[in-house]
Amino acid sequence: MNFWLVKSEPTTYSWQLFKEQGKAKWDGVRNYQARNYLMQMKKNDQVLFYHSNIGKEILGLAKVISEAYPDPTTPEKQWVAVDLVPVEEFKKTVKIEQIKAEIKLKDVLLIKQSRLSVMPLTKEQFDILYQMTK
DNA sequence: GCCAACGTTGGC
DNA sequence: GCCAACGTTGGC
């Protein structure tokens, strides 16, 4: 079991829309580092969903239901997509300031490499973030 | 709206 | 292969 965090601008694709649709194709990624992480995702991996720009918070938990396949939004062969489904909506979201304020989360790539849109979390990082929603 | 960070492109 | 220029992202 692996743990991930994916980022989306709510004006582009929001958690609310994800929840309504009940499933998302995580496509359109055009960054090699993010692409490489998408390719490592396995079925049932846990994925935290973060809103960048507006909100700047983790709103919910998703899981992987389809592992990487060719991205249908481009004819270029090098890009991939995965399918995610919502699992849980957090009553308490986790704001970026809270993440920054927690010393144990200082190595989370969201902080260190803010432009990356798909990133791995260690189990410890995931557990701490998840606890912060309770 | 600004700017830092960073990825990509293209000239050499 | 290097690096300047440029575009994009995202926090503030």
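Order of the sequence lines fixes the chain letters, A, B, ..., with proteins taken first and strands second; residue numbering starts at 1 for each chain.
Close to B/dG7, at under 4.0 Å from its OP1 or OP2, lies a side-chain N or O of A/Q113. Taking side-chain N and O atoms only, A/K7 has a distance below 4.0 Å to OP1 or OP2 of C/dG10. Applying the 4.0 Å criterion to OP1 and OP2 of C/dC12, one finds that A/K100 has a side-chain N or O inside that range. In this structure, A/S52 reaches the C/dG10 phosphate: one of its side-chain N or O atoms is under 4.0 Å from OP1 or OP2. Regarding contacts with the backbone of C/dG11, a side-chain N or O of A/Y50 is found under 4.0 angstrom from either OP1 or OP2.
In this structure, CZ of A/R35 is placed 14 Å from C1' of B/dG7, rounded to the nearest angstrom. A/E9 has its CD atom 10 Å from the C1' atom of C/dT8, to the nearest Å. Protein atom CG of A/L116 is 12 Å distant from nucleotide atom C1' of B/dG7, rounded to whole Å. Regarding A/Q98, its CD atom lies at a distance of 16 Å from the C1' atom of C/dG11, rounded to whole Å.
Across A/R30, A/K25, A/K77, a single residue satisfies side chain to side chain donor-acceptor pair (under 3.5 Å) together with A/D71, and that is A/R30.
In the hydrophobic clustering of this structure, A/L109 groups with A/I111; members are Ile, Leu, Val, Met, Phe, Trp, Tyr whose side-chain heavy atoms approach within less than 4.5 Å, directly or through other members.
A donor-acceptor pair under 3.5 Å is formed between the side chain of A/E102 and the backbone N or O of A/K104.
Note on A/E57 versus A/K95: salt bridge recorded, some NZ/NE/NH1/NH2 to OD/OE distance being below 4.0 Å.
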